[in-house]
Amino acid sequence: GLPYKKCCAPYHKGRVPPSPTALMRSRYAAYALGKAQYIIDTTDPQSDLYERDLQAWRASVLKFSRGTRFVGLRILDEGVDESGQTGWVRFYAALRQGGADASFTEHSLFRKDPETGRWFYSGAASLSE
């Protein structure tokens, strides 16, 4: 509900998101604004999602961003495990692609780097609804 300048802009300019939820929101905004480098920088380098061909990855993110209308993001649930090193966010992303509804719900997983304290997106767990 905050304006971009107060919510996600500080993270896109280098401030470290303090929680998985803050990272989730800032990643959604980054996709909406075509900030491909932010998506790359906040993806867990230890996960299978991290692509070694950064140029192709950047092009893929930009293509997705340009072809998608980002309607809204709703956080449904969130948490961090007892160790404080693993977190999750369940969210609903409202999207439109080519005039069609492309909305989805995801249970995202996050890992906190013990050395830097930075959160990274690690992937999605399957939902059983």
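- Note on Tyr4 and Phe70: separate hydrophobic clusters, where clusters join Ile, Leu, Val, Met, Phe, Trp and Tyr whose side-chain heavy atoms are under 4.5 Å apart, directly or indirectly.
- Proximity of Glu51 to Ile40: side-chain heavy atoms (C-beta onward) are nowhere separated by under 4.5 Å.
- Put simply, OG on Ser26 and NZ on Lys35 are 11.5 Å apart, with the number rounded to the nearest 0.5 Å.
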* Lys112 and Thr86: side chain to side chain contact (heavy atoms under 4.5 Å, CB included), yes or no, with the steps? -> CA-CA 6 Å; Lys112 189 175 194 178; Thr86 303; over 6 Å; no

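- Using a 4.5 Å heavy-atom cutoff, the side chains of Tyr11 and Pro17 are in contact.
- Side-chain contact between Thr43 and Tyr50 is present, with at least one heavy-atom pair separated by less than 4.5 Å.
- In this structure, Gln97 and Ala102 approach most closely via the heavy-atom pair OE1-CB, 3.5 Å.
- When all heavy atoms of Ala93 and Tyr28 are compared, the pair lying nearest together is CB-CE1, 4.0 Å.
- There is a path of hydrophobic side-chain contacts, each under 4.5 Å, that joins Tyr121 to Leu54.
- When all heavy atoms of Thr116 and Asp113 are compared, the closest pair comes out as N-OD1, 3.0 Å.
- The 12-atom threshold is not exceeded at CZ of Arg69, counting heavy atoms of other residues, nucleotides or ligands nearer than 6.0 Å.
- Residues Ile39 and Gln37 form no side-chain contact, since every pair of their non-hydrogen atoms from C-beta on lies 4.5 Å or further apart.
- Asp101 CG: more than 12 foreign heavy atoms inside a 6.0 Å radius.
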* To do: Mind running side chain to side chain contact (heavy atoms under 4.5 Å, CB included) on Gln55 and Asp53 for me, showing each step along the way?
  => CA-CA 6 Å; Gln55 190 172 17; Asp53 185 343; 3.8 Å; yes

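- For the pair Ser103 (side chain) and Leu95 (backbone), a donor-acceptor distance under 3.5 Å is present.
- Separation of the Phe110 and Phe120 ring centroids does not fall under the 6.0 Å cut-off.
- Looking at every heavy atom in both residues, Ala36 comes nearest to Arg58 through CB-CG, 3.7 Å.
- Annotation: the span from Leu73 atom CG to Met24 atom CE amounts to 6.0 Å, rounded to 0.5 Å.
- Residues Val71 and Phe64 are members of separate hydrophobic clusters, defined by side-chain heavy-atom contacts under 4.5 angstrom among Ile, Leu, Val, Met, Phe, Trp and Tyr.
- Side-chain atoms of Ser47 come within 3.5 Å of backbone atoms of Leu49 as a donor-acceptor pair (strictly under, hydrogens ignored).
- No side-chain heavy atom of Tyr31 sits less than 4.5 Å from a side-chain heavy atom of Thr68.
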* Asked: Run the side chain to side chain contact (heavy atoms under 4.5 Å, CB included) check on Trp119 and Val80 step by step: do they pass?
  -> CA-CA 11 Å; Trp119 285 101; Val80 176; 4.1 Å; yes

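- Considering every non-hydrogen atom in both Gly87 and Pro20, the closest pair reads CA-CG, 4.0 Å.
- Within the 4.5 Å cutoff, the side chain of Pro114 has heavy atoms near those of the Gln85 side chain.
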* To do: Determine, step by step, whether Thr105 and Arg90 satisfy the side chain to side chain contact (heavy atoms under 4.5 Å, CB included) criterion, reporting the C-alpha distance in whole Å, the side-chain angles of both residues, the deciding distance to 0.1 Å, and the verdict.
  => CA-CA 7 Å; Thr105 300; Arg90 195 167 68 88; 4.0 Å; yes

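- In this structure, His107 has its ring center at least 6.0 angstrom away from the ring center of Phe91.
- Between Asp44 and the options Arg118, Arg27, Arg111, a salt bridge (Lys or Arg N to Asp or Glu O under 4.0 Å) holds for only Arg111.
- In this structure, Leu33 and Tyr38 have side chains that are not in contact, with every pair of non-hydrogen atoms separated by 4.5 Å or more.
- Formation of a donor-acceptor pair under 3.5 Å by the Ser60 side chain with backbone atoms of Ala56 is not found in this model.
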